[in-house]
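Model, not experiment: these values are computed from the prediction. Each ligand, and each atom within it, is numbered from 1 in the order the structure gives.
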Amino acid sequence: MLLKRRSDRVDVLKKVPLFSDLSRRHLDHIAREADEVKEKKGAVLTRQGGLGREFLLILEGAARVERDGTAIARLGPGDFFGEMSLIDGMPRSASVIAESPSVLLVIEARSFQKLLDTVPGLQRKLLATLSARLRAADVRLASIN
Ligand code: CMP
């Protein structure tokens, strides 16, 4: 389902955990900056080593995060990815591949930076997810060593 009306898109954004605490005004701001894109199963959404140009969030579907060809995480509706390269300016840390037909919310780098600087609480939410991912990676690493 692709939502054409901005008010419909705001309703969808409100249900995304990353945005759930935001005011209607800020959700409207995000809805204006974001595009919805449909992708087929198997589409490469970010490529490891590539340039990071956008932040992506899964509205519908599922994706696999792969590093050097090994799956390291699975993402589903409400999960976001592509933030790392936009934050540190380094190449994409992993490939993200659609595991089913998916609908994504895509925010260009410049808009993403603007949202991080202007939407209260967004940085904190993002950091909480990054902490959770680091914790999960630490657990995996400890179980290997
Ligand atoms: P980025 O490096 O820009 O592009 C690849 C993305 O994959 C990365 O941002 C994160 O959003 C995501 N990613 C990388 N490693 C993990 C992980 N261990 N768990 C979940 N997502 C990850």
Checklist outcome for this item: Applied to residues 84-97, the side-chain hydrogen bond (donor to acceptor under 3.5 Å, both in side chains) test, sequence neighbours excluded, yields none
Checklist entry - For the residue pair E83 and R133, what are the closest heavy atoms and their distance? => result OE2-NH1, 3.5 Å
Next on the checklist: Counting only heavy atoms and a distance below 4.0 Å, can you name the residues contacting ligand 1?
Outcome noted: T46, V65, I72, A73, F81, G82, E83, M84, S85, R92, S93, A94, V96, R133, R140
Could you list the donor-acceptor pairs under 3.5 angstrom formed by side chains in residues 134-143, with sequence neighbours left out?
residue: R140; atom: NH1; partner: I72; partner atom: O; Å: 3.2
residue: R140; atom: NH2; partner: I72; partner atom: O; Å: 3.4
residue: S143; atom: OG; partner: R140; partner atom: O; Å: 2.7

Next on the checklist: List the residues meeting ring pair (Phe, Tyr, Trp, His ring centres under 6.0 Å) with F55, not counting sequence neighbours, and say none if there are none.
Outcome noted: F80, F112
Item to check | Check: S131 side chain, T129 main-chain N or O, donor-acceptor pair, under 3.5 Å | outcome: no
Checklist entry - Between S20 and K125, is any side-chain donor less than 3.5 angstrom from a side-chain acceptor? => result yes
